[in-house]
Structures are given as structure tokens and as C-alpha cells.
There are 2 protein chains.
Amino acid sequence: MPDPHQKELVQRIVKNMLDIQLLRILQANPLWGYMIKKKIETNFKIKLRHGALYPTLNSLERKGFLKSQKQTHEGRARKIYTITNAGKEYLQSYYNIIKDQLENKDLQ
Amino acid sequence: MPDPHQKELVQRIVKNMLDIQLLRILQANPLWGYMIKKKIETNFKIKLRHGALYPTLNSLERKGFLKSQKQTHEGRARKIYTITNAGKEYLQSYYNIIKDQLENKDLQ
DNA sequence: TACAATATGTCCTTTATTGGACATATCTTA
DNA sequence: TAAGATATGTCCAATAAAGGACATATTGTA
């Protein structure tokens, strides 16, 4: 039996830190929104509204953390997102913080 | 020069995961609200409204993650919070998730 | 030909959160 | 004695976020 709190916590983290999770996915591979949605839903076993995803992707692009290029694949127009160096730096800042939390579990 | 994103990210994490940060602090030592506020403000170098802190502490107690006992110290009434086993388990679930994020940085 | 899947977007009403104020009480210091 | 620090709480109007619908287009399948 898995951890009873885990699902609730994962849901909170993905909801509040959606941009970070998107950067994590795109640091592995450039992808388009629809595929990112599928990936989050299968990986985290949660629902993700596309009405929340697409504005977040556009916002990350406006901030310079992602860049996009339009492609047409089998008649379907896809917007492929790639992480930028600024995006990688932002993600690394997040990793630094949670690394610190793990190394210093009891906040003195 | 420190990381320019760090302050913004720390603020987001403390805001969205305030309960987790409270459990982290109380896992180290039982403390009262006012002292917790000071600790968060000096540790994270951010402001924390007591109007946000006290309801969160009460909520954690209702969930069984904290227990409290009233003390009077030099005429001041303090409500000392101690983390429960359930609280420790919840915090450990959080650590498990961020540990996984660090070990699996690129979400495949 | 209708329905499901792929693909990306916006809009709007409802719900949740925020910041700041209101409230009360004691102790210490100027 | 007034102001600042310690200590804990609530309340509410303004703001932000969420869920779900609306919108459009193509492809594949029953």
C-alpha cells in the first residue's frame, strides 16, 4: 500500500509548482502541450486541465524560460517547446532550495 | 552575488507549503507561534503575517499533525506546538517527493 | 457521418486566498 | 505613561485562482 499522503502532496506540488514541473519535463525533451499534459497525467496520476496548461506554457515563454516553434505533424499543428538557458537556471534554483531542505531537514 | 531567482522561489514555497515549513521547524523543537514567525522571517528573509500563521497552526492541530499545550512564561501566555507522529509522517511524505525530484531531475 | 482523439487557445462565473485591520492582554523600556 | 515588543486570535473587502464551458481545426475509426 502506498503512502496515503503522497497523492495529496503530489497534487499540491504540481498545482502550485506547475511551471517547475513543465521545466523538468522539457529539460528532458522538447515537447508540445498536449503531450506534456499526457505525461503529467500518467507520471503523477492526476488530472491536468488544458485550460491551465496552455496559459502557463505561454507565460513561461514570455518570461524567456521556454522558446517554441510551430510544427505540422500528420496534419496536426504542434507547438514544440524547448527550455532555454534562463529556464535551466530557474529550475536549478528550485533544485538548490529542495536540496537544502533535504540536507537540513530540521529547521533550526 | 546570490541567485536572483532564489528569493522569489523561497517566497513561493513558504507561501504554498507553509504547513510543511511549520512541521520542519517543529520537528527540530517545540515552539510557539510568535517564535515560529520570527524564525521563518530570519531563516528565509521574508515577511510572514501572523494572520496567516495562526490559522495554519490551528488547522495543523485539527488534522492531528500538531498538538499544543498552553504555558505562561513571564506573564505571557504561550501556546507551545509539538509535532505528532502523524505530522512526522506527513513531513516524511514531502521529503520523499522532493528526494524523488532530485534523483530524477529530468522527468522522462 | 458521427464520435473520439489530437491540438491549442480563450472566457467567465464561482470559489479561494490575501493583506490589512480590528481585538485583547502583558511586559519592558524610554 | 506612552510606545514598542511579546503573544494569539478573528474578520472582511479586494484580489487571485479554479473549474468548466466555449471555440476551432484535423485525423482516425466505428
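Letters A, B, ... mirror the listed sequences (proteins, then strands); counts begin at 1. Since this is a predicted model, take the numbers as computed values, not measurements.
Q27(B) places no side-chain N or O within donor-acceptor distance of the main-chain N or O of I83(B), the cut-off being under 3.5 Å. With S59(A) contributing its side chain and P55(A) its backbone, the two residues share no donor-acceptor pair below 3.5 Å. Using modelled atom types, one side-chain atom of Y95(A) and one backbone atom of K105(B) make a donor-acceptor pair closer than 3.5 Å.
Contact footprint of chain A on DNA chain C: nucleotides with an atom under 4.0 Å from a non-hydrogen protein atom, first to last in 5' to 3' order, dA5(C) to dT10(C).
The minimum heavy-atom distance linking T82(B) with P30(B) is given by the pair OG1-CB, 3.7 Å. Closest approach of F44(A) and V10(A) over heavy atoms only: CD2-CG1, 3.6 Å.
Qualifying ring pair (Phe, Tyr, Trp, His ring centres under 6.0 Å) partners for F65(B), counting only residues two or more places apart in sequence or in other chains: H5(A), Y90(B). Q11(A) is linked by a side-chain hydrogen bond (donor to acceptor under 3.5 Å, both in side chains) to nothing, counting only residues two or more places apart in sequence or in another chain. Considering only residues two or more places apart in sequence or on other chains, Q6(B) meets the side-chain hydrogen bond (donor to acceptor under 3.5 Å, both in side chains) condition with none of them. Not counting sequence neighbours, the partners of Y94(B) by the side-chain hydrogen bond (donor to acceptor under 3.5 Å, both in side chains) test are Q101(A). In this structure K39(A) satisfies the side-chain hydrogen bond (donor to acceptor under 3.5 Å, both in side chains) test with no other residue, sequence neighbours excluded.
Across residues 65-84 of chain A, R76(A), A77(A), R78(A), K79(A), Y81(A) each have a non-hydrogen atom less than 4.0 Å from an atom of DNA chain C (numbered order). Within residues 20-34 of chain B, the residues that have a heavy atom under 4.0 Å from DNA chain D are, in order of number, W32(B), G33(B), Y34(B).
Within the structure, every pair that satisfies the salt bridge (charged side-chain N to carboxylate O under 4.0 Å, His left out) test and touches residues 89-102 of chain A, not counting sequence neighbours, is listed here: K99(A)-E103(A). Applying the salt bridge (charged side-chain N to carboxylate O under 4.0 Å, His left out) test to pairs two or more places apart or on separate chains, those with a residue in residues 9-35 of chain B are R12(A)-D19(B), D19(A)-R12(B).
The separation between E41(B) atom CD and dA7(D) atom P is 14 Å, rounded to whole Å.
Residue contacts for K38(B): at a heavy-atom cut-off of 4.0 Å it reaches the sugar-phosphate backbone alone, with no base atom in range. Residue contacts shown for K37(B) are absent, as no nucleic acid heavy atom lies under 4.0 Å away.
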Dump the pairs, protein N or O against N or O of nucleotides 17-20 of chain D, anything under 3.5 Å, distances to one decimal.
from	atom 1	to	atom 2	distance (Å)
dG19(D)	OP2	R49(A)	NE	2.8
dG19(D)	OP2	R49(A)	NH2	3.3
dG19(D)	N7	R49(A)	NH1	2.5
dG19(D)	N7	R49(A)	NH2	3.4

Could you pull out all donor-acceptor pairs under 3.5 Å where a side-chain atom in residues 68-80 of chain B meets a protein atom, sequence neighbours excluded?
from	atom 1	to	atom 2	distance (Å)
S68(B)	OG	E61(B)	OE1	3.4
S68(B)	OG	E61(B)	OE2	2.7
K79(B)	NZ	N58(B)	OD1	3.3

